[in-house]
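Data block below; observations after.
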Amino acid sequence: MSGQTSTLISNIGELMTQDSEHRVLQDAAVVIEGERISWIGHASEAPSADERVDAGGRAVLPGWVDSHTHLIFAGDRTAEFEARMAGQSYSAGGIAVTTGATRAASDEELTRLAAGRVDEAVSQGTTYLESKTGYGLDLENEARSARIAAATVDEVTYLGAHLVPAGVDPEEYTDLVCGPMLDAVRPYVRWADVFCERGAFTEGQSRRVLSACREAGLGLRVHGNQLGEGPGVQLAVEFGAASVDHVNYLCEADIQALAGSWSGWDASTGSGSRGTVATCLPACDLSTRQPLAPGRVLLDAGVQIALASNCNPGTSYTSSMAFCVTTAVLQMHLSVHEAVRAASYGGALALGRESGNDVDGERAVGSIAVGHRADLHMLRAPSATHLAYRPGIPLTFAVWRAGVRAL
Ligand SMILES: N=CN[C@@H](CCC(=O)O)C(=O)O
Ligand SMILES: [Zn+2]
């Protein structure tokens with residue numbers, strides 16, 4: 001053992017590892033040492049540790065990896081939501097309302113709001129979070145959003161290409177996104193995204209954004225095929241994006257392109273060349289009354305999928321990954337194991353964090369294995385099945401984030 005404090009969590013009724021062998025262990029134990037997992041196995045064989053936690057037969061899963069959120073915002077869109085529930089359809093234009101409120105907020109206020117949303121997510125079992133910019137939409141406010149996000153969440157995505165601000169020429173705005181605005185956010189971000197959709201960015205503009213951001217060394221993601229069929233999925237695959245998110249309206253060629261992107265990857269070991277993850281956002285689909293993304297069809301076609309909350313004030317004002325998992329089981333026909341995997345390992349895959357370096361580098365997240373980051377979610381239930389069997393019941397009992405007890 002190293003000099004770090006070790007904690008043995010024993011008497012785990014069900015340990016859903018989501019590791020490369022997809023192991024689900026009964027009567028299991030986990031040892032945490034510092035920020036890493038140092039041992040997993042059957043409780044009867046567990047080594048001793050400095051501290052001991054009795055799980056009381058409860059289930060333990062990897063902490064949720066929420067790979068798609070928009071947490072840097074101020075303001076509220078209740079009126080838009082009410083209008084939608086009364087029959088109006090969602091359009092990208094609502095983003096401008098949040099942009100106005102976000103620009104008007106102080107740095108302190110934006111930081112406080114974002115940190116509160118992170119706390120809310122962690123208290124529900126989320127241990128690794130991405131957030132996008134995208135409610136600044138000018139150089140100063142996008143850079144400020146990126147800076148605040150970098151201080152608040154684990155992964156930051158530049159989404160200057162969220163909406164063309166009113167009164168600005170779309171091509172000139174795209175020049176800004178690809179030039180000075182990109183330079184200003186670059187120190188704070190690892191990813192770039194574009195909302196490729198009618199009412200947002202055209203295929204040509206999206207190509208320009210993806211090319212410039214790739215050139216700047218950023219990993220890519222795409223908001224695609226949310227409101228209708230379109231070029232988003234094909235663009236994401238062509239550019240080797242880590243994920244394409246929403247994926248509500250897919251034609252057969254889109255599904256084949258996504259499946260083909262994974263043909264050089266060994267799903268059982270997680271080795272080989274990675275493709276484009278299809279990230280399904282069921283809370284958003286329900287809140288915008290869009291058809292649920294075809295998660296079952298994608299899985300059956302051999303596509304790696306993620307589930308994410310898409311927490312934002314317009315289309316999905318929730319950080320509940322459990323709600324997404326429940327919906328994926330009840331309505332998208334995923335098994336509980338598949339849904340939990342998509343919300344943990346799948347999110348990690350979408351963020352390029354599914355494998356790591358146990359010695360001196362970034363630790364893997366999204367699965368429970370020796371050397372991975374100790375991100376654990378203990379349920380107030382004996383098995384993960386209760387997430388779907390008891391919909392709406394708050395089942396988070398305890399959370400460890402990078403080895404630190406967070407709840
Ligand atoms: N679709 C684009 N962006 C967000 C919604 C943004 C908003 O309406 O404020 C999404 O992922 O759903
Ligand atoms: Zn989004």
Side-chain angles (χ1 to χ4, degrees), residues 66-85 88-103 113-114 117 121 129-137 141-142 145 149 153 155-166 177 191-202 205-206 209 220-228 230 232-233 236 241-249 277-293 306-319 321 324 347 350-351:
D66 195 348
S67 61
H68 183 140
T69 78
H70 305 249
L71 299 186
I72 315 302
F73 68 89
D76 172 275
R77 309 240 299 268
T78 305
E80 177 187 320
F81 176 77
E82 286 173 348
R84 199 157 65 237
M85 293 304 107
Q88 248 176 49
S89 53
Y90 172 75
S91 84
I95 294 167
V97 174
T98 302
T99 300
T102 303
R103 287 180 181 172
L113 290 168
R117 291 170 191 134
L129 278 118
E130 179 262 16
S131 177
K132 300 169 205 310
T133 69
Y135 293 119
L137 305 186
N141 283 291
E142 279 298 303
S145 297
V153 298
E155 302 272 342
V156 185
T157 301
Y158 168 44
L159 183 57
H162 201 186
L163 185 78
V164 178
V177 169
W191 302 98
D193 199 339
V194 54
F195 186 14
C196 178
E197 196 77 53
R198 69 183 129 92
F201 288 78
T202 65
Q205 291 156 357
S206 301
V209 171
L220 303 178
R221 8 187 32 84
V222 175
H223 276 68
N225 302 55
Q226 175 184 6
L227 304 174
V233 165
S243 73
V244 57
D245 303 35
H246 285 287
V247 295
N248 298 87
Y249 294 91
V277 173
T279 301
C280 304
L281 308 168
C284 172
D285 303 343
L286 293 176
S287 177
T288 54
R289 300 219 161 121
Q290 295 292 327
L292 287 161
L307 288 169
S309 73
N310 190 19
C311 183
N312 78 79
T315 62
S316 187
Y317 200 4
T318 179
S319 55
M321 291 291 282
C324 297
L351 293 170

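All figures in this text were calculated on a predicted structure; none of them were measured in a lab. When a ligand or atom number is given, it counts from 1 through the structure's own listing order. Because only heavy atoms are used, hydrogens play no part in the values below, and waters and symmetry mates are left out as well, while side chains stay in.
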Worked verdict on Arg77 versus Thr98 for side chain to side chain donor-acceptor pair (under 3.5 Å):
CA-CA 8 Å; Arg77 309 240 299 268; Thr98 302; 2.7 Å; yes

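Side-chain contact between Gln226 and Thr315: present, with at least one pair of heavy atoms (C-beta onward) separated by less than 4.5 Å.
For Ser91, there are no side-chain hydrogen bond (donor to acceptor under 3.5 Å, both in side chains) partners at least two apart in sequence or on another chain. Residues satisfying the salt bridge (Lys or Arg N to Asp or Glu O under 4.0 Å) test with Asp245, not counting sequence neighbours, are none.
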Output, or 'none' if empty, a list of ligand 1-protein atom pairs in which both atoms are N or O and the distance is under 3.5 Å, rounded to 0.1 Å.
residue  : atom   : partner : partner atom : Å
ligand 1 : 1 (N)  : Gln226  : OE1          : 2.7
ligand 1 : 3 (N)  : His162  : NE2          : 2.8
ligand 1 : 8 (O)  : Arg77   : NH2          : 2.8
ligand 1 : 8 (O)  : Tyr90   : OH           : 2.5
ligand 1 : 9 (O)  : Arg77   : NH1          : 2.8
ligand 1 : 9 (O)  : Arg77   : NH2          : 3.3
ligand 1 : 9 (O)  : Tyr135  : OH           : 2.6
ligand 1 : 11 (O) : His70   : NE2          : 3.3
ligand 1 : 11 (O) : His223  : NE2          : 3.1
ligand 1 : 11 (O) : His246  : NE2          : 2.9
ligand 1 : 11 (O) : Asn310  : OD1          : 3.1
ligand 1 : 11 (O) : Asn310  : ND2          : 3.1
ligand 1 : 12 (O) : Asn310  : ND2          : 3.0
ligand 1 : 12 (O) : Thr315  : OG1          : 2.7

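Once rounded to the nearest 0.5 Å, the distance linking CD of Glu80 with OH of Tyr90 reads 6.5 Å.
For residues 279-293, the pairs satisfying side chain to side chain donor-acceptor pair (under 3.5 Å) are Arg84-Ser287, Asn248-Asp285, Tyr249-Gln290, with sequence neighbours left out.
Residue side and main chain included, His70 places an N/O/S atom under 2.8 Å of the Zn ion (ligand 2). Here His68 reaches the Zn ion (ligand 2): one of its N/O/S atoms is less than 2.8 Å from the metal.
Between Leu71 and Arg117, the closest heavy-atom pair is O-NH1, 2.8 Å.
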